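Okay, so here's the structure we're looking at.
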Amino acid sequence: MEIFPRSLSETPVGKRVRIHQLESKPEVCHRLRELGFCENAIVRCVVNGEGNLICEVCNTRIGLNHSIAKEIIVSAFE
Amino acid sequence: MFREKVELSTRYIAIIGNPNAGKTTLFNALTGLRQKVGNYPGVTVEKKEGKIIFSDGCSATLLDLPGTYSLTANSPDEKVATDVLLGRTNHTPPPNFVICVVDASNLERNLYLVSQIIDYHIPVVIALNMIDVAEKSGMTISSKKLGDELGVRVIATIASKKIGVDELKKIMQSNVTASLKARQWSLPKVVKEECDELQTMLQGTQHLSEADAFHEAIQLLTSPTALSEHLDRYAPELLEHVKKDHERLDILGIDRQSVFVESRYEWIKHVCEASREIKSQSFETTSDKIDKVLTHKIFGFVIFLALMAMMFQAIFSWANAPMEWIGEGFNELEKNVTALMPPGDIRDLTVNGALAGVGAVVTFLPQIFFLFLFLGLLEDTGYMARAAFIMDRLMSKVGLHGKSFIPMLSSFACAIPGIMATRTIENRKDRLVTMLVSPLVSCSARLPVYVLMIAAFIPQQKVLGIFSLPGLTLVSMYLLGLFAALIFAWIFKKTLLKSDAPVFIMELPPYKLPSLKTIIMHTWERSYLFLKRAGTFILGVSIVLWFLATYPKTERATPAEQLQQSFAGQAGRLIEPVIKPLGFNWKIGIGLIGSLLQREVFVSTMGTIYNIKDSDTQFSNLSLRQKMHDDIDPHTGVPTFTILTAICLMVYYVLAMQCMSTVAVMHRETNSWRWPIFQISYMTALAYGTTFVVYRIGLLLTA
């Protein structure tokens, strides 16, 4: 059994998840939301390496570093 | 706010859209070559204007605005887009109407900006761009339905193939006064009540328009700093009211920050569902597959380094032949002019001053051309964003993020576009750090100095069988600059400009085949600027320098003595005590003074100085490097240049801030003299100190 909610940084490649909550600083949250990372949006992880992640949200690829991905809390979608 | 009933010829039309939506491609398709690139006063964000000529001979001015995700400005370039669009600036008139470029394959996020534009009642036409890409990824969008939902005209376009461009032109030509629907997205009831109330208050007390008041109200309700920032702007009653609103919404458990964005997206979702049909959803695109390799933590880095190595290797090998042609061309020209003109000061001035100086610099045009060509290719294929992504790991070690890497990469061409590229960095302190260290990265103006010194003094030897010593020397100079930049970024982040670990969020556009036309146009623009500088600034400096190196004339002096007695020689000898500890004599001193404003002037200065020396003897065909190599002080018997001096000189140029244009851009970007002065000071001190150490160590090793 997978445990949700958890952070986006723990999402395996190819998995689709739903954004549950953003826990960053307000201005970072705002930026994330404008780029499509808003609550309830569906995100798919494309690359999740040691350094950074690439996620698909609203059909675009966004590069993120792990410290932000840790602050994006996701829940199960599939 | 918007000008109505204007003559067609004075119409002002702006193109806005998300980054990577294809604004510039559409702009090029609409205007062709009738473009003008300038800067917005006060900020160095490129201002691109073009003329459109319609079928009936009328014309309008089209303005390409910087890409932005929203009208709530995050970074300086987004702020420009917002300010121009809303008519908040004095330098640019508010547009009569706006073309909003929307990436069809990424409808949700692009419509976010559209919804804000509609809220402001700005007359807008939507160019639903890259419709072919959307179809390929399995979705069909009805532009008619989308238009009905949004209440604006929507034209499907493929800017790269000029599809839909004529239709757009027709709309621009006919005086569209779009009847915009009222705001369609709705807020939760409680939030709407508070927002409406605040809006009415703002309309009454601040005399704002309905749309402005609405946005101000949102700002006051969401921004955590709005209350403390605007204490003097609003009446105390209003601020008190806002405070109460905050408390009420917080008690109800409503996230004030997210509710507005979410409500917008809620509506956008509805619009998308009504106008878009998704047939199949391909999960892994080609771009994703490429990304798996190119952004891999090991392969990605190796490929990146290989690409960089290839770029520099290619720049030097490909540029060799055209460089020789230009050099020979100038030699021929000098010979012909010498033969045509009667001997005297005027001939001297033309041949030894103007032609020798300008020629020495223009020779480097091919390398500059290739450098910009490569950077353009990286940008246009979409690889540049990946380079930032890969480098983020390294950059975070010095406290910066991957976005700071793009300015540094551009600085390999020139620190000016580099410093301008920092405007995408949201955090002010991170942006300043990047601006402060970018000029340490070796720019193309240093290249002529390196190439001259290496060609003249570094022996052609093989190292480890495959590398050549001159090549390795050049690479070490580039690495020295890069490492100095990284080390100083780390120092500044730890001391002067402390801030939290930066946040890296960046869109990675899909890979695409580069558009040759865009790249060539860009490369041409940059090369032209370089040539223009050679024809104006460097020509001027060369003439002045010729004068300073020729006068006052001494009777019966040898050319060498003459140079020593001249104004330039006197100035060189004046600073000789200061530069002697670095192993430089007064002749190099002339070069250093001459290149205070621009680095490549060093080469033209050497060209002028060494040509003057020969002018009394017969016209010499020896190359500049040969002359420098053979130059020996007649009194002491010590050569002006040795391998060690050449290395010291290069090290000095790697680290010193010898560029007036960079100082000017720093002043404009930071809006102060403090930072540019600080930059000159720390870089000069660093250059002097390091060169001194290198010289001393070199002396010990060669002793």
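Source: prediction; values computed, not measured. Per chain, numbering begins at 1; letters A, B, ... match sequence-line order.
- Applying the salt bridge (Lys or Arg N to Asp or Glu O under 4.0 Å) rule to B:Lys79 yields the partners B:Asp83; only residues at least two apart in sequence or on another chain are considered.
- You'll find the side chain of B:Tyr120 stays beyond 4.5 Å of the side chain of B:Leu85, heavy atoms only.
- Within 6.0 Å of CD on B:Glu277 lie no more than 12 heavy atoms contributed by other residues, nucleotides or ligands.
- In this structure, the portions of B:Phe389 lying under 4.5 Å from any heavy atom of chain A include both its backbone and its side chain.
- For A:Arg18, the side-chain contact (heavy atoms from CB on, under 4.5 Å) partners two or more places apart in sequence, or in a different chain, are A:Asn40, A:Ile42, A:Ser75, A:Phe77.
- Comparing A:Ile54, A:Val28, A:Val13 by heavy-atom pairs within less than 4.5 Å of chain B, the highest count is held by A:Ile54.
- Looking at B:Glu507, the atoms closer than 4.5 Å to chain A (heavy atoms on both sides) sit in the backbone and in the side chain alike.
- Looking at A:Leu35, the atoms closer than 4.5 Å to chain B (heavy atoms on both sides) sit in the backbone and in the side chain alike.
- Judged by a 6.0 Å distance limit and a 45° cone about the ring axis, B:Arg386 is positioned over the six-membered ring of B:Tyr511.
- Both the backbone and the side chain of A:Val46 come within contact range of chain B, judged by heavy atoms closer than 4.5 Å.
- With a 4.5 Å cut-off on non-hydrogen atoms, B:Ser396 does not touch chain A at all.
- At a 4.5 Å heavy-atom cutoff, the contact between B:Glu78 and chain A is made by side-chain atoms alone.
- Neither the backbone nor the side chain of B:Asp103 comes within contact range of chain A; no heavy atoms are under 4.5 Å apart.
- Comment: B:Glu108 engages B:Arg276 in a salt bridge, judged by a side-chain N to carboxylate O separation of less than 4.0 angstrom.
- When heavy atoms are compared at a cutoff of 4.5 Å, A:Cys29 does not approach chain B at all.
- Using a cut-off of 4.0 Å between Lys/Arg side-chain N and Asp/Glu carboxylate O, B:Lys498 and B:Asp430 are scored as not salt-bridged.
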